[in-house]
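A short worksheet on the structure shown next.
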2 protein chains.
Amino acid sequence: MFNQFRNKFPLDDSKWNEYTSYFKRLEVSAKTILLEEGEISKRLFIIEKGCIRVWFNNNGKDLTTQFFFENQSVASIESFIKKLPSPVFVETIEPSVLWWIHKSDVDIILEEIKEIPELRDHLINRLFQRTFDYIHHFVSFIKDSPAQRYLNLSEENPQIIQRVPQHYIASYLGVSTVHLSRIKSKLLQKK
Amino acid sequence: MFNQFRNKFPLDDSKWNEYTSYFKRLEVSAKTILLEEGEISKRLFIIEKGCIRVWFNNNGKDLTTQFFFENQSVASIESFIKKLPSPVFVETIEPSVLWWIHKSDVDIILEEIKEIPELRDHLINRLFQRTFDYIHHFVSFIKDSPAQRYLNLSEENPQIIQRVPQHYIASYLGVSTVHLSRIKSKLLQKK
DNA sequence: ATCATTTGATAACAAATGTTATCGTCTGTC
DNA sequence: GACAGACGATAACATTTGTTATCAAATGAT
């Protein structure tokens, strides 16, 4: 699982082996809740196989805010970093194979690799990029129609369209399930 | 201008004086464009007095994505960091007093203060916080009605309501100017 | 003071989107 | 195979929101 990332990290073998040994394997069925709303997130997950959504309950309706697939890391990020109760659920969509690491081990690793400029800059750049991604996502809400947002998603993240049940996608795009269904059928007519 | 921040930075006086000397003062009228769309952002601004918006042109309509006030720093952030053509304009709303610093000087400072753990962690935390803020903003688009978004803004950032022309706020909230006007009048009726 | 421009409110109508309900298909479980 | 539940399409109707146009007030420049 971790060998594919080996060359991205300028670490000697002993550190590499130490860090990867912190991870534990976890195999779960679809619709397994990995983190409850209100719980403090203490585990960071990496997806070997499967997919995960992050969602919250808003007046009885569940609204999905993020999707994750193979090789991505997942947590209720604000809860994980600030040790606050999570405002969201983290739940598998498909049967999944995951690797997880405890927050205390992450803290150890982070503290150590801060001294390695190459890694440190790499992490900071990832942080910036994540911020930029959220800006793009938010801008699309004031710039694009729901139909356009659906088209964007098809291009930028076709996995979501292909693997995720449609009613989860609807709330992610900020529309009702009925309207998303309408959007799809209108797009089909045009082709 | 900078003395108010002096105690936040654990730097000796010589470094402090060197860094602050990089900034130049700039006084401009309302509606001054500080950065054009397509231009590569090379200046970071700090607002001593006044306010600024970031916006872009979308099919003839101008859409505002951010507002900034006193003591905040402003740039087309992705352009500034990645040296890419800016997708947005940066423009004053009020007559403003600004201090700006060239990107090359920022790079020098950043490179140096990376070695100071306290400052480094502070900057990383600010980066995280900014990411969290964008997440909150984006979530409000799938969670709240436009009227609720307006109410949130009144509470979280009343300066925007008080100092920014309403038609700029409309696009920031993702509604037409006419509809924002309707939202306000409905809210007044209820009181 | 006068004039043009900006800003914002409102009305009337059009278009987009939500809500509720119904139906059919598919999937997993027993 | 039978059944329940999940999923998605569609229709009918209600509500929200956008568009265009008009008017009034505030603001800035001369």
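Proteins come first, then strands; the chains are lettered A, B, ... in the order of their sequence lines, and each starts at number 1.
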**Asked** Just by distance, do the side chain of A:Lys49 and the backbone of A:Ile47 share a donor-acceptor pair under 3.5 Å?
**Response** no
**Fill in**
Between OH of B:Tyr150 and P of C:dG8 the distance, given in whole Å, is 10 Å
**Fill in**
In whole angstroms, the gap separating P of D:dT17 from CD of B:Gln148 amounts to 12 Å
**Request:** Measure the distance from CG on A:Asn59 to P on C:dG18 and round it to the nearest whole Å.
**Result:** 16 Å
**Request:** Sequence neighbours left out, what passes side-chain contact (heavy atoms from CB on, under 4.5 Å) with B:Gln4? Give chain and number order.
**Result:** B:Met1, B:Asn71
**Request:** Kindly determine whether B:Phe141 and B:His137 satisfy ring-ring contact (aromatic ring centres under 6.0 Å, His included), including the steps that lead there.
**Result:** CA-CA 7 Å; B:Phe141 274 88; B:His137 196 170; 5.6 Å; yes
**Message:** Check the phosphate of D:dT10 against A:Lys186, side-chain N and O only, distance under 4.0 Å to OP1 or OP2. Yes or no?
**Reply:** no
**Message:** Could you tell me how far apart A:Asp62 (CG) and D:dA6 (P) are, to the nearest whole angstrom?
**Reply:** 12 Å
Protein-nucleotides 18-27 of chain D N/O pairs under 3.5 Å:
{"from": "D:dG18", "atom 1": "OP2", "to": "B:Ser176", "atom 2": "N", "distance (Å)": "3.1"}
{"from": "D:dG18", "atom 1": "OP2", "to": "B:Ser176", "atom 2": "OG", "distance (Å)": "3.2"}
{"from": "D:dG18", "atom 1": "N7", "to": "B:Arg182", "atom 2": "NH2", "distance (Å)": "2.6"}
{"from": "D:dG18", "atom 1": "O6", "to": "B:Arg182", "atom 2": "NH1", "distance (Å)": "3.1"}
{"from": "D:dT19", "atom 1": "OP2", "to": "B:Lys61", "atom 2": "NZ", "distance (Å)": "3.2"}

**Prompt:** What is the distance from CZ of B:Arg149 to C1' of D:dT16, rounded to the nearest Å?
**Reply:** 12 Å
**Request:** Go through A:Phe23 and A:Phe2 one step at a time and tell me if the ring-ring contact (aromatic ring centres under 6.0 Å, His included) criterion holds.
**Result:** CA-CA 10 Å; A:Phe23 287 86; A:Phe2 296 104; 4.8 Å; yes
**Prompt:** B:His167 side chain N/O closer than 4.0 Å to the phosphate oxygens (OP1, OP2) of C:dG8?
**Reply:** yes
**Message:** Taking the side chain as everything from C-beta on, heavy atoms only, tell me whether A:Gln129 gets closer than 4.5 Å to B:Lys82.
**Reply:** yes
**Item:** Atom-to-atom span, CD1 of B:Ile183 to P of C:dA9 - whole angstrom
**Value:** 12 Å
**Message:** So, OP1 or OP2 of C:dG8: does either fall under 4.0 Å of a side-chain N or O from B:Lys184?
**Reply:** no
**Prompt:** Between A:Leu187 (CG) and D:dG8 (C1'), how many Å, whole number?
**Reply:** 16 Å
**Request:** Sorted by first residue and then second, give each side chain to side chain donor-acceptor pair (under 3.5 Å) pair with at least one member in residues 36-48 of chain A; sequence neighbours left out.
**Result:** A:Glu48-A:Trp99
**Request:** Report yes or no: is the cationic atom of B:Arg53 (NZ for Lys, CZ for Arg) under 6.0 Å from the centre of the six-membered ring of B:Tyr168, at an angle within 45° of the ring normal?
**Result:** yes
**Prompt:** Between B:Leu188 (CG) and C:dA9 (C1'), how many Å, whole number?
**Reply:** 12 Å
**Message:** Is the phosphate of D:dA9 approached by A:Gln166 (side-chain N or O, under 4.0 Å from OP1 or OP2)?
**Reply:** yes
